[in-house]
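All remarks here apply to the structure that follows.
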There are 2 protein chains.
Amino acid sequence: MEEPQVKLVKTLARHRLSNTAARTTVFTALLEHGPVTLAELIRYCEASIDRASVYRTTALFESIGVVQRLQIGWKYRLELSDDFQHHHHHLHCLSCGTVTAMPEDPALENRLKAAAKAKGFLPQDHQVEIRGLCANCQAA
Amino acid sequence: MEEPQVKLVKTLARHRLSNTAARTTVFTALLEHGPVTLAELIRYCEASIDRASVYRTTALFESIGVVQRLQIGWKYRLELSDDFQHHHHHLHCLSCGTVTAMPEDPALENRLKAAAKAKGFLPQDHQVEIRGLCANCQAA
DNA sequence: ATACAAATTGCGACAAATTTGCAATTTAAG
DNA sequence: CTTAAATTGCAAATTTGTCGCAATTTGTAT
């Protein structure tokens, strides 16, 4: 797998979009800080770019498949899509609120595909969230 | 299975929460109108209760497992949890926007539980959304 | 390199969604 | 029926998301 940054540039080029400082900043923030709320993302970027640009950039990124939205808890979160990091699902702790990635499970993936096909559905992508208590919060 | 309304009262009691008119109203609205956006829910209730109370009630309901949030497209929707209606997952057609329920698949359910436990996580509930094209839209 | 056209950004305003404090009301329990 | 605690409505504040437009930056072709 090539460098994520390089891949971003190529993806932008493929869509005839400019490679700008703002886009790099948002991308890097997403790369470094896992799934984030938009508010968090804005906080990470606001030293160099405007709120409105963060909105515009993430909307753009989503439309070209660079980021995906997760509805986790009350607010949605954004993370890089499977093209930029390994496909995974999420464990959401209802007590402490943290969201962690779940290792990929081929058997699970297959069941999902099979279930969709059984209804004549052509699956393109999917999202799984398991809510419960993380190891730490079970102890407490 | 007993009457949903009765079950709600019991659930509230179990959590030492009052059984109030506002909570009954919100619950009934959810029971009658499938998965709804918060804006819709407010519209259904605003004749008798305040916007702020709808927010407070749904947040409470979510915390005690009476309602769950679904990601359908960009906005979330609320529906009664599996304790109040049959457990199911969602197929979301990206072309026509319809959302249909997926038949329960025990093998899939088991994989999900196993995956969570492998991380020391205590699963309470989960949610799956598969996005793609429904049978109709594939033809078109 | 330089110049130019097109794409992108920042900067307010704005509109919509969600949250909060607090006084008034309702509820559960005795 | 009384009373303390929980819940609600109301209004105001905050947070989130959009929009138009002038100023800047980018990609491309000299």
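Every value quoted in this text rests on a predicted model; they were computed, and no experiment measured them. When reading the values below, keep in mind they use all heavy atoms of this one structure, side chains included, and skip hydrogens, waters and symmetry mates. In what follows, every chain begins at residue 1, and chains take the letters A, B, ... in the order their sequences are listed.
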Looking across every strand, which nucleic acid part, if any, lies under 4.0 Å from [X] by heavy atom: base, sugar-phosphate, or nothing?
| X | result |
| --- | --- |
| B/S48 | sugar-phosphate |
| A/R51 | base |
| B/R56 | base |
| B/A39 | nothing |
| B/A22 | sugar-phosphate |

In whole angstrom, what separates [X]'s [atom1] from [N]'s [atom2]?
| X | N | atom1 | atom2 | answer |
| --- | --- | --- | --- | --- |
| A/L12 | C/dA6 | CG | P | 20 Å |
| A/R16 | C/dA5 | CZ | C1' | 17 Å |
| B/E46 | C/dT18 | CD | P | 14 Å |
| A/I49 | D/dA23 | CD1 | P | 22 Å |
| B/L60 | C/dT18 | CG | P | 17 Å |
| A/F61 | C/dT8 | CZ | P | 11 Å |
| A/D50 | D/dT16 | CG | C1' | 14 Å |

Judged by atom type as modelled, is there a donor-acceptor pair below 3.5 Å linking the side chain of A/H15 to the main-chain atoms of A/A13?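 Judged by distance alone, no pair lies under 3.5 Å.
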
Main-chain N/O of B/L133 paired with B/Q138 side-chain donor or acceptor, under 3.5 Å: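 Such a contact is found between B/Q138 side chain and B/L133 backbone.
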
Using the closest heavy atom to pick a nucleotide of DNA chain D for each, name whichever of B/N19 or B/A52 lands nearer the 5' end.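 On the 5' side of the pair lies B/N19.
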
If you pin B/R23 and A/L38 to their nearest nucleotides in DNA chain D, which one's is more 5'?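 Its nearest nucleotide lies further toward 5', so the answer is B/R23.
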
Counting only side-chain nitrogens and oxygens, does A/S18 get under 4.0 Å of the OP1 or OP2 atom of C/dA6?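 Answer no for this pair, as no side-chain N or O of A/S18 is under 4.0 Å from OP1 or OP2.
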
Check this one for me: any side-chain N or O of B/S53 less than 4.0 Å away from OP1 or OP2 of D/dT8?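 For D/dT8, OP1/OP2 do not have a side-chain N/O of B/S53 under 4.0 Å.
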
Among C/dT18, C/dG10, D/dT18, which nucleotide sits nearest the side chain of A/Y55?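 For A/Y55, the side-chain atoms sit closest to D/dT18.
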
From D/dT8, D/dT18, C/dG10, nucleotide with atom closest to B/T20 side chain: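 Ranking D/dT8, D/dT18, C/dG10 by closest atom to the B/T20 side chain puts D/dT8 first.
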
For A/H89 and B/H126, what are the C-alpha separation, side-chain angles and deciding distance, and is it a ring-ring contact (aromatic ring centres under 6.0 Å, His included)? CA-CA 11 Å; A/H89 298 310; B/H126 62 256; over 10 Å; no

Salt-bridge test for A/D105 and B/R111: reply yes if a basic N is under 4.0 Å from a carboxylate O, no otherwise.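 Result for this pair is yes, salt bridge flagged.
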
Could you pick out which residue, A/L17 or B/I42, lies toward the 5' side of DNA chain C when each is mapped onto its nearest nucleotide?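 First, find each residue's nearest nucleotide; the 5'-ward one identifies A/L17.
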
Evaluate the criterion side chain to side chain donor-acceptor pair (under 3.5 Å) for residue pair A/R131 and B/Q127; output intermediate values, then yes/no. CA-CA 8 Å; A/R131 289 181 284 250; B/Q127 171 179 333; 3.2 Å; yes

